[in-house]
Number of protein chains: 2
Amino acid sequence: MSENPIVVEATRGGRVESAHRGAGAVVDGDGALVFAFGDIERPVFPRSAVKAMQALALIESGAADRFGLTAQELALACASHSGEAGHVAGAAAMLAKAGLGEDALACGAHWPLSAEATRALARQGREPTPLHNNCSGKHAGFLCAACALGAPSEGYEAPGHVVQREVKAALESVCGEKLDETRRGLDGCSIPTYAISLQALARGFARMATGRGLAVQRAAAARRLLAAISAHPFLVAGTGRFDTRAMHLLGGAAITKTGAEGVFCAALPQLGLGLAVKADDGAGRAAEVMIAALISRFIETPEGFAALTRPKLANWRGAEVGEIRPAGLLAG
Amino acid sequence: MSENPIVVEATRGGRVESAHRGAGAVVDGDGALVFAFGDIERPVFPRSAVKAMQALALIESGAADRFGLTAQELALACASHSGEAGHVAGAAAMLAKAGLGEDALACGAHWPLSAEATRALARQGREPTPLHNNCSGKHAGFLCAACALGAPSEGYEAPGHVVQREVKAALESVCGEKLDETRRGLDGCSIPTYAISLQALARGFARMATGRGLAVQRAAAARRLLAAISAHPFLVAGTGRFDTRAMHLLGGAAITKTGAEGVFCAALPQLGLGLAVKADDGAGRAAEVMIAALISRFIETPEGFAALTRPKLANWRGAEVGEIRPAGLLAG
């Protein structure tokens, strides 16, 4: 792995306790590189950061219109949600519109990402179902797309299924990078994930935001998805989560999306820019500070945004012990 | 921060998805460096990895004998426990022996580290107390020491309290490194944590294991604590945790202790060696693989130990998606 710079530090008692290296790219709608650090050509698994691109097939297949999916449901199709009541109900409603139940979901079950939602389930003596999986909205979207395409719902998560082939083709076309099985890994929710360079990911988000280089129908689908995400930031993540807080604070000026293992992507629609970062070590806390710092470079952010750019660390009694902050070329 | 080597990788689909850098030292009882990688001179916060050294005052103050603390209770004083029933009951029993209740604990409350213990509490409609804090055994030990020293129990967590002064003096002497307030941070449980070099931490664990360079009484106290930990690995961590699994598998050949932010220490009593590692980025998964790989270099490990040296990564349906493995000079 290449020698990426230190871009985030965690401090304690005025001393740097831990440090994170990473890479990042900012690209415009024409594909021009506006800003970059570290190795942005190495393919990295984007994981959940590209859910909006993976949802293009949901609209382009005609499923969104055929099943009358709302903007809330489109946002949920692009979500890594916390498994709170609204998320679970929304994913169930999407499946119902396609005449399916939660047993059709192939994502597997896990306790909600939200600790409070997990404890609420336990208090009720319940166990999690696949609807609580943070990817249940995306999977409900895949199932809607399978129905609209006249394909079997069984096996919709496999690389050879028409839905996953459409998803892969959309990713290749939007990001402008060839993806094949040598770049394929298995994601946490059992669908394929294809490694893509950060430069191509940033280019893809710039194209999603501007429509540049996309066919008219795809550009409209991208616009519709980003508008749904921007209007419903709670549904894309959840209470207290970075994406929800950031989009609430920035009100349409940025669309952000987390991915596992330290990936974060964003689009700045008013500037027509796409952003993509990856923390070498896979740390989510580092990716959050990286993307927040990058966003702050390009748009005016409100005062409250500092809680995302430079989050304070507190101990169990609430005393401040340190902070996480941008470092090196992302500092200042 | 210095340029430490990549020593752990996380893979997915045969590709390195994330990588961790770090440093480590192996030192013998005479203080001679046996093996090292990365910067082992930079002071790092050892956090919970030095709880056994912090517990020396519990024995040297006479508290352990005066209150008739069992080996189980001594292990709990050195624990970062999961908040399971046995841990909570043990910490409460220690406090009761000193005539105190859980309200004397200054560590703060948090939901148990064990997800299952957290859900069990929630199912019972209960909330966590300071007894569920992973450090409650250590704090109960501090309170026992305060009582034995005739010091007030109030404020026992502050740097100027006699208990914390004794703890600091023991750390300085055992590790052989001068600690002052410029090296001080506030730990998660509200006690001071002092930055110490990895070389000094490894030296300290070698001395704890061998008694070399320690006064007779201190050597006996160290022996008693390490024996208690080794006999009760469940109490030091909990179900499924690295320390518990490693010590069960190695049966006395290694004593291991995790610390927050990617620190891990160990002692190999039969070889008289002390080990200390820190992952630059603070990742616990990296520190676990680093210390497991180091241990495997020096002692014969059973087959099951590979689950710690090279843990498999599975998705929500249980399919293997990759692994975490030693890399670079820790590989092979």
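This structure is a prediction, so every number in the text was calculated from the model and none was measured. Letters go in sequence order (proteins before strands), and every chain restarts at 1.
Using modelled atom types and a 3.5 Å distance limit, the side chains of B/His139 and B/Asn133 yield no donor-acceptor pair.
Between chain A and the options B/Val8, B/Thr182, B/Asp187, the largest number of non-hydrogen pairs under 4.5 Å is found for B/Asp187. Considering only heavy-atom pairs separated by less than 4.5 Å from chain A, the leading option among B/Glu9, B/His20, B/Arg15 is B/Arg15. For chain A, the option among B/Ser190, B/Ala314, B/Gly322, B/Gly282 with the highest count of heavy-atom pairs below 4.5 Å is B/Ser190. Per-residue heavy-atom pair counts under 4.5 Å with chain B were compared for A/Cys107, A/Ala106, A/Ala327, and the maximum is reached by A/Ala106.
Contact annotation for B/Arg184: only backbone heavy atoms (N, CA, C, O) come within less than 4.5 Å of a heavy atom of chain A. In this structure, no portion of B/Thr11 lies under 4.5 Å from any heavy atom of chain A. Looking at B/Pro43, the atoms closer than 4.5 Å to chain A (heavy atoms on both sides) sit in the backbone and in the side chain alike. Heavy atoms of A/Arg47 lying under 4.5 Å from chain B belong exclusively to its side chain.
Rounded to the nearest 0.5 Å, atoms OH (A/Tyr156) and CG (A/Leu105) are 5.0 Å apart. A/Lys257 NZ to A/Lys51 NZ: the interatomic distance, rounded to the nearest 0.5 Å, is 5.0 Å.
Between A/Phe264 and A/Phe242, the distance from one ring center to the other falls under 6.0 angstrom.
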